[in-house]
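A short worksheet on the structure shown next.
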Amino acid sequence: MRNIPIEPAKGIIHKLQGDFNWFGAAYNMNIYRGCSHGCIYCDSRADCYRIDDFDTVRVKENAKQIMRNELRRFTKPGVVASGAMTDPYNPIEAKLRLTRYSLELMDTYRFGASLCTKSHLVTRDIDVLCAIKQHSPVIVHMSVTCEDDDLSLTIEQHVAPTSKRFEAMAKLADAGIFCGVFMMPILPYINDDVDNVVGVLRMAKEAGARYVFASMGSTLRDGNREHFLAKLDEEFPGLKQKYARQFGNSYNLPSPNAKKLWHAFNVECSRLGLLSKMCDITKAYQAGYGDGQLRLF
């Protein structure tokens with residue numbers, strides 16, 4: 001791993017607490033720290049997460065050994081989620097293959113997998129995902145916010161455009177992997193129009209998505225707020241001032257069009273047969289697996 005930054009780590013896979021966990025996951029995994037995708041809105045930049053030099057991806061020291069030991073120790077199998085803090089398929093993964101190694105361990109120790117990514121690199125691991133699917137639930141969320149490639153590359157600057165992500169999804173769906181779209185954030189005055197939302201839904205359906213999980217707005221915390229507003233000045237001149245007038249320093253930034261967007265979203269999901277509620281999505285991808293394997297909320 002010459003020239004790749006290393007970060008000390010005591011643990012990588014953590015048992016989730018409480019009765020509610022996103023998409024029924026029992027564990028959360030972060031092999032990498034930081035992200036190079038350059039999404040202007042990324043919540044993981046927030047000061048509360050204490051990730052210095054966020055755009056530089058670091059790998060956790062002794063990652064393979066730590067993951068192997070942790071999965072051996074966990075007495076209760078369940079779904080391991082990855083992608084909440086950093087994309088498990090960042091460019092370094094193409095060389096290090098640590099996410100792939102983690103999936104191979106999940107297959108060996110009979111854990112399920114939940115992956116959230118913006119990268120087409122996930123298709124490399126279709127064979128392992130299919131192997132896990134033989135004994136445990138597997139779900140892949142493709143993060144998509146824009147129908148238009150140019151807009152996607154403006155707000156998600158160093159990652160595959162929307163069209164490439166849907167090409168990857170089609171390959172996953174063709175292989176029998178339960179997959180869908182994580183459509184958030186919808187940024188006020190940028191991608192919060194009905195045509196964009198409906199366009200993403202239709203592209204998702206065409207690519208074989210089973211669901212779209214959405215939020216019609218965004219959030220800003222200290223740390224990512226400053227970065228986001230600076231990027232607005234660069235990419236959307238004048239919009240920073242509009243945000244200041246509309247939202248001030250609020251954490252929640254609901255789209256002014258939220259009511260109209262939700263109506264269009266629900267009507268189109270119903271028409272296309274796409275699931276949209278987390279409880280329905282969780283039940284669908286975990287259907288057919290034994291209760292001893294799963295942690296349902």
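What you see is a predicted model, and the numbers here were worked out from it, not measured in a lab.
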Open item on the list: Using modelled atom types and a 3.5 Å cut-off, is there a donor and acceptor pairing between side-chain atoms of R110 and backbone atoms of P77?
Closed with: no
- [ ] Applying salt bridge (Lys or Arg N to Asp or Glu O under 4.0 Å), run through D43 and R221 and close with a yes or a no.
- [x] CA-CA 7 Å; D43 178 73; R221 304 177 195 261; 2.8 Å; yes
Open item on the list: What verdict does the salt bridge (Lys or Arg N to Asp or Glu O under 4.0 Å) test give for E167 and K171, after you've listed the backbone C-alpha separation in whole Å, the side-chain angles of each residue and the deciding distance to 0.1 Å?
Closed with: CA-CA 7 Å; E167 287 176 12; K171 292 179 181 178; over 6 Å; no
Open item on the list: Could you tell me if the side chain of D148 sits less than 4.5 Å from the side chain of N191, heavy atoms only?
Closed with: no
Open item on the list: Quick check against the 3.5 Å criterion: does K133 have a side-chain atom that pairs as donor or acceptor with the backbone of V138?
Closed with: no
TODO: First locate atom CG of N90, then atom OG1 of T117, and finally report the distance between them rounded to the nearest 0.5 Å.
DONE: 9.0 Å
Open item on the list: Is there a side-chain contact between M106 and S136 in this structure, where contact means two heavy atoms from C-beta onward sitting under 4.5 Å apart?
Closed with: no
Open item on the list: What's the separation between atom OH in Y251 and atom OG1 in T219, rounded to the nearest 0.5 Å?
Closed with: 4.0 Å
Open item on the list: Looking at D222 and C48, would you say the former's side chain and the latter's main chain have a donor-acceptor pair under 3.5 Å?
Closed with: no
TODO: Looking only at non-hydrogen atoms, find the nearest pair between R124 and A94 and report the distance.
DONE: NH1-CA, 4.0 Å
Open item on the list: Are Y41 and M183 linked, directly or through intermediate hydrophobic residues, by side-chain heavy-atom contacts shorter than 4.5 Å (ILVMFWY only)?
Closed with: no
Open item on the list: Between D192 and K260, does any NZ, NE, NH1 or NH2 come within less than 4.0 Å of an OD or OE carboxylate oxygen?
Closed with: no
Open item on the list: Determine whether a donor-acceptor pair (N or O, by modelled atom type, separation under 3.5 Å) exists between the side chain of T123 and the backbone of H120.
Closed with: yes
Task: Worked check of side-chain contact (heavy atoms from CB on, under 4.5 Å) between R202 and L272 - done: CA-CA 8 Å; R202 292 175 181 174; L272 296 172; 4.2 Å; yes
Open item on the list: Does atom CD (E226) have a neighbourhood of more than 12 heavy atoms from anything else shown, all under 6.0 Å?
Closed with: yes
TODO: Measure across L172 and C179 and return the closest heavy-atom pair with its distance rounded to 0.1 Å.
DONE: CB-SG, 4.1 Å
Task: Contact check, side chains of H37 and C42, non-hydrogen atoms, under 4.5 Å - done: no
- [ ] Check whether I186 and L239 end up in the same hydrophobic cluster, where Ile, Leu, Val, Met, Phe, Trp and Tyr are linked by side-chain heavy atoms less than 4.5 Å apart.
- [x] no
Task: Approximate separation, where rounding is to 0.5 Å, of K64 NZ and I12 CD1 - done: 12.0 Å
TODO: Give a yes or no answer on whether the side chain of T108 reaches the backbone of E104 with a donor-acceptor pair at less than 3.5 Å.
DONE: yes
TODO: Please report the closest heavy-atom contact between S276 and I281, naming both atoms and the distance.
DONE: C-CD1, 4.2 Å
Open item on the list: Applying a strict under-4.5 Å side-chain criterion to I, L, V, M, F, W and Y, I'd like to know whether L151 and L201 cluster together.
Closed with: no
Task: Check: R58 side chain, T56 main-chain N or O, donor-acceptor pair, under 3.5 Å - done: yes
TODO: Tell me yes or no: between the side chains of E147 and T162, is some donor less than 3.5 Å from an acceptor?
DONE: no
Open item on the list: Quick check: do F213 and V181 have side-chain heavy atoms less than 4.5 Å from each other?
Closed with: no
Task: Minimum heavy-atom distance I155-C146, with the two atoms named - done: CD1-SG, 3.5 Å
Open item on the list: As a quick check of understanding, evaluate salt bridge (Lys or Arg N to Asp or Glu O under 4.0 Å) for D149 and K164, giving each step before the final call.
Closed with: CA-CA 9 Å; D149 275 358; K164 190 84 171 177; over 6 Å; no
Open item on the list: Would you call the rings of F247 and Y189 parallel, tilted or perpendicular, taking 30° and 60° as the class edges?
Closed with: tilted
Task: Expected output: side-chain N252 to main-chain P254 donor-acceptor under 3.5 Å - done: no
Open item on the list: Pairing donors with acceptors under 3.5 angstrom, does anything connect the side chains of Y101 and R68?
Closed with: yes
Task: CZ/R225: more than 12 non-hydrogen atoms of other groups inside 6.0 Å - done: yes
TODO: Supply the atom-to-atom distance N62 CG to M67 CE, rounded to the nearest 0.5 angstrom.
DONE: 11.0 Å
- [ ] Please step through side-chain contact (heavy atoms from CB on, under 4.5 Å) for the pair C130 and I177, ending with a clear verdict.
- [x] CA-CA 7 Å; C130 286; I177 302 300; 3.9 Å; yes
Task: side-chain contact (heavy atoms from CB on, under 4.5 Å) partner of V198, chosen from V200, N196, V194, D195 - done: V194
TODO: May I ask whether L98 and I13 are part of the same hydrophobic cluster, defined by side-chain heavy atoms of I, L, V, M, F, W, Y residues being less than 4.5 angstrom apart, directly or through others?
DONE: yes
Open item on the list: Contact between M29 and H14 at the side-chain level, heavy atoms closer than 4.5 Å - yes or no?
Closed with: no
TODO: Using a strict cut-off of less than 4.0 Å between a Lys/Arg side-chain nitrogen and an Asp/Glu carboxylate oxygen, indicate whether D87 and K118 qualify as a salt bridge.
DONE: no
- [ ] From the options S102, S82, S119, select the one residue that forms a side-chain contact (heavy atoms from CB on, under 4.5 Å) with P88.
- [x] S82
Task: Exercise: identify the closest heavy-atom pair between P188 and Y243 - done: O-OH, 2.7 Å
Task: Side-chain (S44) to main-chain (M85) donor-acceptor, under 3.5 angstrom - done: yes
Open item on the list: Is there a path of hydrophobic side-chain contacts, each under 4.5 Å between heavy atoms, that joins I4 and I66?
Closed with: yes
- [ ] Please name all residues satisfying ring-ring contact (aromatic ring centres under 6.0 Å, His included) with F74, sequence neighbours left out, ordered by chain then number.
- [x] Y27
Open item on the list: To the closest 0.5 Å, what do you measure between NE2 (H263) and CD (E268)?
Closed with: 10.5 Å
Task: Pairwise side-chain contact, I51 with R45, heavy-atom cut-off 4.5 Å (strictly under) - done: no
Open item on the list: Could you go through M169 and M203, starting from their C-alpha distance and side-chain angles, then the distance that decides it, and tell me whether this counts as side-chain contact (heavy atoms from CB on, under 4.5 Å)?
Closed with: CA-CA 10 Å; M169 179 179 289; M203 293 176 76; over 6 Å; no
Open item on the list: Under a 3.5 Å distance rule, please check whether Q157 uses its side chain to pair with a backbone N or O of C39 as donor and acceptor.
Closed with: no
Open item on the list: Are the side chains of L187 and F228 in contact, using a 4.5 Å heavy-atom criterion?
Closed with: yes
Open item on the list: Is the distance from the ring center of H141 to that of F23 below 6.0 Å?
Closed with: yes
TODO: Output yes when a side-chain donor or acceptor of S36 lies under 3.5 Å from a complementary backbone atom of D55, and no otherwise.
DONE: no
Task: Heavy-atom check, side chain of P5 versus side chain of V57, under 4.5 Å - done: no
Task: Aromatic contact, Y211 with F178 (centres under 6.0 Å) - done: yes
TODO: Just do the side-chain contact (heavy atoms from CB on, under 4.5 Å) check on L253 and L220 with the steps written out, would you?
DONE: CA-CA 8 Å; L253 284 69; L220 289 179; 3.7 Å; yes
- [ ] Kindly give the heavy-atom pair with the smallest separation between A26 and G78, and that separation in Å.
- [x] CB-CA, 4.2 Å
Open item on the list: Please evaluate residues H135 and D107 with respect to the criterion side-chain hydrogen bond (donor to acceptor under 3.5 Å, both in side chains), reporting the C-alpha separation (whole Å), side-chain torsions for both, the decisive distance (0.1 Å), and the verdict.
Closed with: CA-CA 8 Å; H135 55 76; D107 184 29; 2.8 Å; yes
Open item on the list: Go through it in stages, so that I can follow the logic: the residues are R33 and E7, the test is salt bridge (Lys or Arg N to Asp or Glu O under 4.0 Å), and I'd like the CA-CA distance, side-chain angles, deciding distance and then a yes or no.
Closed with: CA-CA 8 Å; R33 190 167 171 86; E7 182 159 310; 2.8 Å; yes
TODO: Using only heavy-atom distances, determine whether the side chains of Y109 and R72 contain a donor-acceptor pair under 3.5 Å.
DONE: yes
